[in-house]
Number of protein chains: 2
Amino acid sequence: MNDRPRPWTMQQIAEAAGVSVTTVSHTLSGKRPVHPDTALRINRLIDEHGYVPDAGARRLKSGRSQVIGLAVPDISHWYFGRIARGVEEMANEHDHGLIIASTSNSDPRREKRYFNMLRTRAIDGLVYTASREIKPTDELVSMASSPAPIVLADEDIEELEGLPSVTSTNYSGARDLGRHVRSLGHTKAVIIAGFPGLHSTVQRMRGIRESFPNALAIHGDFEIRSGYELMSDLIAHEVKFTAVFACNDFMAIGAMRRLWEEGLRVPEDVSVVGFDDVDMASVVTPGLTTVRQDMLEIGRQSAKLLLDGLAAGSMEGIGSVRLPVELVLRGTTGPVAD
Amino acid sequence: MNDRPRPWTMQQIAEAAGVSVTTVSHTLSGKRPVHPDTALRINRLIDEHGYVPDAGARRLKSGRSQVIGLAVPDISHWYFGRIARGVEEMANEHDHGLIIASTSNSDPRREKRYFNMLRTRAIDGLVYTASREIKPTDELVSMASSPAPIVLADEDIEELEGLPSVTSTNYSGARDLGRHVRSLGHTKAVIIAGFPGLHSTVQRMRGIRESFPNALAIHGDFEIRSGYELMSDLIAHEVKFTAVFACNDFMAIGAMRRLWEEGLRVPEDVSVVGFDDVDMASVVTPGLTTVRQDMLEIGRQSAKLLLDGLAAGSMEGIGSVRLPVELVLRGTTGPVAD
DNA sequence: CTGAAAGCGCTTACAG
DNA sequence: CTGAAAGCGCTTACAG
């Protein structure tokens, strides 16, 4: 079926060098001394033929594939792309490959594939980034208790408490944002929140409500369009507010666009804030006040925890990590109009 | 080192079912008939213990890993994220895994890793997306002649003519854009181009110059900041123009921002166009006139070509693909001011 | 400093 | 419809 020339095997290198495969293997691994002359001869052959040991055979003996997996809802999304980049960087630094798999909103068939990969040892461990819908499959839940080599990135999951996780300090970030807006004199605020089931959404709402206990909350799906449409609803219902908290920047930007179409000025008539600090946040006019999350670092740390556990031989004793966030003041927040 | 419980082997399933591993293997593969009762018994055991055949052992025999690789400069970038998503979708539809690797601007050490993966058969094939710098390593060049199972996505490379590629019709897209702007009466245009070495940049410049033969061209790095700074330079040098062609949307948006700061109105004073149609293009004010590329489809088709070649056992006879683009007229282009 | 041999967990002719 | 056995390409005790 495949007529590509088969690459050289260790056996062939050994024959060409007039030694045993044992010696070639040890020349490669350095796990026992090899006579310099012999080593030189072998290394010449290796270079000459571009020999590389077969990954599968190696794994069959060692039991480790040197590959970790990353499950994300959508790799093409800015947010998950940053996480992926971080995971990939860390994996690379530790000489591991990265298998990426879109869960595309928790298609259970797809998810099953990743856990199977884990079981077939195609991957040694998994960084799992919760989909928007957040209902872990039974499979995941059952693995969580093992404890399997799985780390949750970006989002904690109730049912998966046994697993280490890396998340932002959503609560305190939102609290700072709330205080900032409150300090500008605002009292009537609305929250364009994320999926109600997400930990991060719950935390951010709690943070905001510390300053705005009665803020009206409506839920969107984190996309620009969603912010736009929810703002349309608020306007249609003649809801009164002077400040808008969106649970991410995209929804904030969608809302801003709708306000602009309505002839409402930001921040003169309405203050708007987001969460994340995406690229776009500094490009829209005026620049968006928001909270910066370090998604790259979330990815890096998640991979780190996983690789640490793998190296230790067990996830036992691997703790979770909370990463700080940073308030970024730009042009969309201003004193309340009187 | 690793004290996770070892999963069941086929041998153990066979013993528990009172049959040989041969029969278990055939029950799994369906490559020869198995008595229904026997099959039932085996399948029960398999389900019960969540048995999955070891990927490495399987590959050792079959010679195929069922995993393809994707090399991109930066997975967290919108542009490459879309490609990755497409590749992943197609791989998934063909029951293949996807190993992602950032080339991070052609770090030669990293690139070497991917070609090694190819050689160790950790991956069966590679979708290669050219970095911005575009100087393929000798390694890649030597593989291109094999022909190795490699497909170029998004960008053609001179030295790698032997490899199949999937790209947009950059020339005709830029030509349409040029004609559109020309038809609005503009005669003085500048081009904020991409890296001079990229095929796509060359093609787009050619397309624009069909309508604006004398357009001044300066080169940027495709980022927002770059468009902003190049526009600053043009302004500082008091270059006269009424239209700006940017080789991608990000640079167009950066340029718009700088024009806005300068008090120049778009499109009343200056018309601006981009290329790509990124999310942001429809969100900025006014909406950006651009050319839509289907990056997802570029990813999908690239993977398709690769998988086709893999299935056929050879890349011999796998052709290249050119995907159409679409002119998207929004608010940044208008009649030339008189 | 080196080698013969067992074995990792599968697949697949070969034989019945 | 089923099984014994060879072998994929390595690693690693064991022996010298």
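- Remark: the backbone N or O of B:Thr167 is not paired with any side-chain donor or acceptor of B:Asp154 at under 3.5 angstrom.
- The residue among B:Met10 and A:Pro33 whose nearest nucleotide of DNA chain C lies closer to the 5′ end is A:Pro33.
- Taking every side-chain heavy atom of A:Arg32 into account, C:dT2 is the closest of C:dA13, D:dG7, C:dT2.
- Under 4.0 angstrom from either OP1 or OP2 of D:dT11 there lies no side-chain N or O belonging to A:Lys31.
- Under a 3.5 Å cut-off, the side chain of A:Ser76 and the backbone N or O of B:Gly81 do not form any donor-acceptor pair.
- Between the P atom of C:dC10 and the CH2 atom of B:Trp8 lies a distance of 13 Å, rounded to the nearest Å.
- Here the C1' atom of nucleotide C:dG9 and the CG atom of B:Asp54 are 6 Å apart, to the nearest Å.
- The separation between A:Gln12 atom CD and D:dG9 atom P is 8 Å, rounded to whole Å.
- Protein atom CZ of B:Arg59 is 9 Å distant from nucleotide atom C1' of D:dC8, rounded to whole Å.
- Comparing B:Thr22 and B:Lys61, the nucleotide of DNA chain D nearest to each residue sits closer to the 5' end for B:Thr22.
- Taking only side-chain nitrogens and oxygens, A:Tyr51 never comes nearer than 4.0 Å to OP1 or OP2 of D:dG9.
- Closest-nucleotide positions on DNA chain D for B:Ala57 and B:Ser20 were compared, and the one nearer the 5' end corresponds to B:Ser20.
- Side chain of A:Arg41 to backbone of A:Ala17: a donor-acceptor contact under 3.5 angstrom is found.
- Residue B:Arg58 contributes atom CZ, which lies 16 Å from atom C1' of C:dC8 at whole-angstrom precision.
- Side chain of A:Ser25, nearest nucleotide from C:dT12, C:dT11, D:dT11: D:dT11.
- Residues B:Asp308 and B:Lys304 are paired through a salt bridge, judged by an N-O separation under 4.0 Å between the basic side chain and the carboxylate.
- We find that CG of A:Leu60 is positioned 12 Å from P of D:dT12, with the value rounded to whole Å.
- One distance of note links CD1 of B:Ile42 with CG of B:Asp47; it measures 12.0 Å at 0.5 Å rounding.
- Summarising the base pairing, C:dA13 is matched to no nucleotide, lacking a Watson-Crick or G-U wobble pair whose two defining distances lie under 3.5 Å.
- With a 3.5 Å ceiling on both atom-pair distances, D:dA4 lacks any Watson-Crick or G-U wobble partner.
- In this model, the phosphate group of C:dG3 is approached by a side-chain N or O of A:Thr23 to a distance below 4.0 Å at OP1 or OP2.
- In the set C:dA13, C:dA5, D:dT2, D:dT2 carries the atom at the smallest distance from any side-chain atom of B:Thr38.
- D:dT12 and D:dG16 have their C1' atoms separated by 16 Å, with the value rounded to a whole Å.
- Rounded to an integer number of Å, the gap from CD of A:Gln11 to P of D:dT11 is 13 Å.
- Rounded to a whole Å, the CD atom of A:Glu15 is 18 Å from the P atom of C:dT2.
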